[in-house]
Amino acid sequence: MIQVTLPDGKVLDLPADSTGYHVAAAIGPGLAKAALAAEVEGEVVDLHRPLPGSCRVRLITERDPESLELLRHSAAHVLATAVRRLRPDAQIGFGPAIDEGFYYDFGVEEPFTPDDIEAFRSEMEAVIEADFPFERRRVDKPEARELFSDDPLKLERLEEFDDDEVITVYRDGPFLDLCRGPHVPSTGHLKHFELLSAAGAYWRGDERRQMLQRIYGTAFHRKKELAAHLERLEEAKRRDHRVLGRELDLFTTDARVGSGLILWQPAGSVIRNEIEEYEKELIIRHGYDIVYTPHMVSEKLFEISGHLENFKENMFGAVEVEGTRYRPKPMNCPGHICIYQAAQRSYRELPIRYAEFGTVYRYERSGVLHGMLRVRGFTQDDAHVFCTEEQVPAEIHALLDLVDEMLTTFGYPYSIELATRPEKALGSEEVWDRSIAVLREVLEERELDYTVDEGGGAFYGPKLDFKLIDAIGRNWQGPTVQLDFNLPERFGIEYIGDDNERHRPVMLHRVLVGSMERFVGGLIEHYAGAFPLWLAPEQVRILPISEQFSEAAQAYVEELREAGIRAELADRETLGYRIREAELRKVPYMGVMGEREVEDGTVAVRRRGEGKKQDVLDRTVFLERLLQEIEDRALA
RNA sequence: GCUCCGGUAGCUCAGUGGUAGAGCGCUUCCUUGGUAAGGAAGAGGUCGAGGGUUCAAUUCCCUCCCGGAGCUCCA
């Protein structure tokens, strides 16, 4: 007999060869049916795996978050089972669960067609219907070699195991896979799944290796959850900034200009300009100095900064003028350092904070370019803080204030990640530890939640990464704050301390929006194109009921413009048509003016997305409300 | 960069080895309309670019450019 301790502290006495299933059965028939796996001494294992002896056991059902990963991993096996049935020659690669689903990689002569995918989907249904149990078996290396003698990819993986390592295989019906597990008990547990896409993927992510065909899918315990997930994907598609960008005339690209280069149309430029004006006001209030540096500089600068050494493959090529080679800058920091070095600095001046909307150019491989989100030319809201080591905590505090104010304004919740010393790092361990400790202390002082990305810092310093969460729950790269132990050394920057000696200042890099292009692209998706009033390219559209009121409407448009409101008149076609147009254009407010309004000095105000609900307001009152909403940068 | 898919009117897309269509948009006219499409007429295309095969290429083949799904990488 063994003693099994349950999470609530209860202890069960069970026969020595019991499994998680027996534990569940001993608790009750409902649980025996619902259990998908067991957590034994903290490790998730198959439900039918014998317990190692007396132990702590927690049963995992579909209520537990871990179970989704199990389900999806098993779904990947079901997919492979189906593929192998229809295409016995397909080599099998890896098939893990991922964040939102699963994939499986196959080596085939010809890429899969949509018809193939559909066939696999149907075949998966059959595999599920058959309800094959997932059977785990330990094997040694020679036996494994035998089992996978027809699967070169599995054999390659197999050779990476140490001789004494535990190797397990899983079988479900006809399909056998080299796999660590665990799995759900049988294929029948997979009820709600969908295959989503197929694309090429290099074996082991190495572009020099064979290209496999990867099929992506997802799976859920409940039909409703699957439907909700698919709906979320649809919603993401509807919000696609490339589609909205064209519909709303925000930005465009042109083959004659080049890939990865964004042309900001007037409407998009309004948004960008509003953001820049807001940020300028914000950072000037926070003690920053605005600077400008050239787009192209002598290559020598990048020799000093080390970019030519470490970043060359991301830099545009040089142009030679009168014997000097110039390059478009990939980063703004070297220029800012030169401004710092334009004069001898005293500790009395520090901290010095230089900010620039600096446009940088980076070579990106054509395949990674994506709308405004991944481009070759972009403008960073870049800033560099030069300060003494003692001033660092105060600077970090100030930055956290700045970040919070900024992200709150745009309506983004966010999370914080602290990235620490990587393997290959510059500067002494002691300096690193001290800097990380400073960052940590500031975060803790503020009682902010954060996660640690162990070893995720740049080689030249630790950083804080802020992750934005958008309106449909997706994560975006947000602000970053980065300590730099490298550039101050390379440039030999100094200040004179109160001891009249030369000292090396600490340098912080920081961006808030990061790249204007990426940020605005993200905002388009976050707001689904319906920008809050302060950012809306067109804020108010005035609609006279008929042309006989056009003059009065035009006069009101002028009045609004006079007050700084971006207002337009729409007086052609029918009223219904114009309302529809304004809604599709996502103009925040429509103001209807007919006989009554013209006589009364009012306007019938209709808010975007609120249908017929409207207020008849005194025109001056409406204007004041608009101004207030803009001043507040209200989100609604 | 690589694999696959795509590029036809401003936009979304149909179509064909015998030089082309729809809807929306645009222009003009009629309509002067009270809250998500009033009516009519018209203009608009070197079918991504170049080369090849063919009596004939938008259609088939090759190269290139641009875009998409991914791999890898990143702000």
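Each chain gets a letter, A, B and so on, in the order its sequence line appears, and its residues count up from 1. Just so it is clear, the structure is predicted and the values come from calculations on it, not from any experiment.
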*Of A:R242, A:R238, A:H241, which meets side-chain hydrogen bond (donor to acceptor under 3.5 Å, both in side chains) against A:E525?*
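Checked A:R242, A:R238, A:H241 against A:E525; only one passes side-chain hydrogen bond (donor to acceptor under 3.5 Å, both in side chains): A:H241.
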### Task
Answer with yes or no whether the side chains of A:E194 and A:T218 bring together a donor and an acceptor at under 3.5 Å.
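Distance-only check fails for A:T218 and A:E194.
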Whole-angstrom distance between [N] and [M], as gauged at atom [atom1]:
| N | M | atom1 | result |
| --- | --- | --- | --- |
| B:C2 | B:G25 | P | 42 Å |
| B:A36 | B:U3 | C1' | 44 Å |
| B:A22 | B:U8 | C1' | 12 Å |
| B:G34 | B:G15 | P | 42 Å |
| B:C13 | B:A20 | C1' | 14 Å |
| B:U58 | B:U16 | C1' | 8 Å |
| B:C61 | B:G7 | P | 13 Å |
| B:C55 | B:A40 | P | 48 Å |

Under 4.0 Å, heavy atoms only, any strand: does [X] hit a base, just the sugar-phosphate, or nothing?
| X | value |
| --- | --- |
| A:S259 | sugar-phosphate |
| A:A201 | sugar-phosphate |
| A:R214 | sugar-phosphate |
| A:R572 | sugar-phosphate |
| A:G594 | base |
| A:E581 | nothing |
| A:R596 | base |
| A:G576 | sugar-phosphate |
| A:E597 | base |
| A:A582 | nothing |
| A:E517 | nothing |
| A:V511 | nothing |
| A:V375 | base |
| A:Y216 | sugar-phosphate |

Pairing partner of [N] (Watson-Crick or G-U wobble, both distances under 3.5 Å):
| N | answer |
| --- | --- |
| B:G45 | none |
| B:A37 | none |
| B:G25 | none |
| B:A57 | none |
| B:A14 | none |
| B:G1 | B:C71 |
| B:G6 | B:C66 |

Phosphate contact ([N] OP1 or OP2) by [X] side-chain N/O below 4.0 Å:
| X | N | result |
| --- | --- | --- |
| A:S366 | B:C66 | no |
| A:R374 | B:C73 | no |
| A:H370 | B:G70 | no |
| A:R246 | B:G25 | no |
| A:S197 | B:G70 | no |

Query raised in the report: For the residue pair A:A570 and A:L543, what are the closest heavy atoms and their distance?
Result: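 Here A:A570 and A:L543 meet closest at CB-CD2, 3.6 Å.
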Exercise. How many angstroms lie between atom CG of A:L560 and atom CG of A:L626, to the nearest 0.5 angstrom?
Worked result: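 With rounding to 0.5 Å, CG (A:L560) is 6.5 Å from CG (A:L626).
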Quiz prompt | Row check, A:Y104 ring normal vs A:R214 NZ/CZ: under 6.0 Å, within 45° | solution =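 That pair does not qualify as a cation-pi contact.
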A:R619 to A:Y556, cation-pi by 6.0 Å centre distance and 45° axis angle: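 Positive - A:R619 is close enough to the ring of A:Y556 and near enough to its axis.
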**OP:** Enumerate the residues from residues 455-487 of chain A whose closest heavy atom to RNA chain B is under 4.0 Å, giving them by residue number; use none for an empty result.
**Re:**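 Output list: A:Q477.
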query = Does A:G371 or A:V616 map to a spot on RNA chain B nearer the 5' end, using the closest nucleotide for each?
reply =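 Comparing both residues, the 5'-ward one is A:V616.
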message: If you assign A:L575 and A:F112 each to the RNA chain B nucleotide with the nearest heavy atom, which residue ends up on the more 5' nucleotide?
response: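 Comparing both residues, the 5'-ward one is A:F112.
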Q. For the side chain of A:Q380, counting heavy atoms from C-beta on, which of B:A75, B:G1, B:G34 is nearest?
A.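 Shortest atom-to-atom distance from the side chain points to B:A75.
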- [ ] Give the nucleotide from the list B:U3, B:C74, B:G34 with an atom nearest to the side chain of A:E364.
- [x]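 Of the candidates, B:C74 comes closest.
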Taking salt bridge (charged side-chain N to carboxylate O under 4.0 Å, His left out) as the definition, give me every residue that meets it alongside A:R578, ordered by chain and number, with sequence neighbours left out.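 Salt bridge (charged side-chain N to carboxylate O under 4.0 Å, His left out) check on A:R578 returns nothing, list empty.
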ask   = Can you find a heavy atom in the side chain of A:L230 that is under 4.5 Å from one in the side chain of A:L196?
value =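 With C-beta onward as the side chain, the pair touches.
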Under 3.5 Å, is there an N or O donor on one side and an acceptor on the other linking the side chain of [X] and the base of [N]?
| X | N | answer |
| --- | --- | --- |
| A:R518 | B:C74 | yes |
| A:R585 | B:A36 | no |
| A:Q614 | B:U35 | yes |

Take A:E629 and A:Y589 through the test side-chain contact (heavy atoms from CB on, under 4.5 Å) and record every step on the way to the result. CA-CA 12 Å; A:E629 188 175 333; A:Y589 287 104; 2.5 Å; yes
Note to self: I'd like to know whether CG of A:D99 has more than 12 heavy-atom contacts from other residues, nucleotides or ligands below 6.0 angstrom.
What the structure shows: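 For A:D99, atom CG is not crowded (no more than 12 foreign heavy atoms under 6.0 Å).
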Exercise. Kindly state whether the pair A:Y577 / B:G38 counts as stacked, where counting means centroids closer than 5.5 Å and planes tilted less than 30° apart.
Key: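 A:Y577 ring does not meet the centre or angle cut-off for B:G38; no stack.
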Practice item. Take A:Y412 and A:H526 through the ring pair (Phe, Tyr, Trp, His ring centres under 6.0 Å) test and state the conclusion after the steps. Key: CA-CA 9 Å; A:Y412 281 120; A:H526 180 50; 4.1 Å; yes
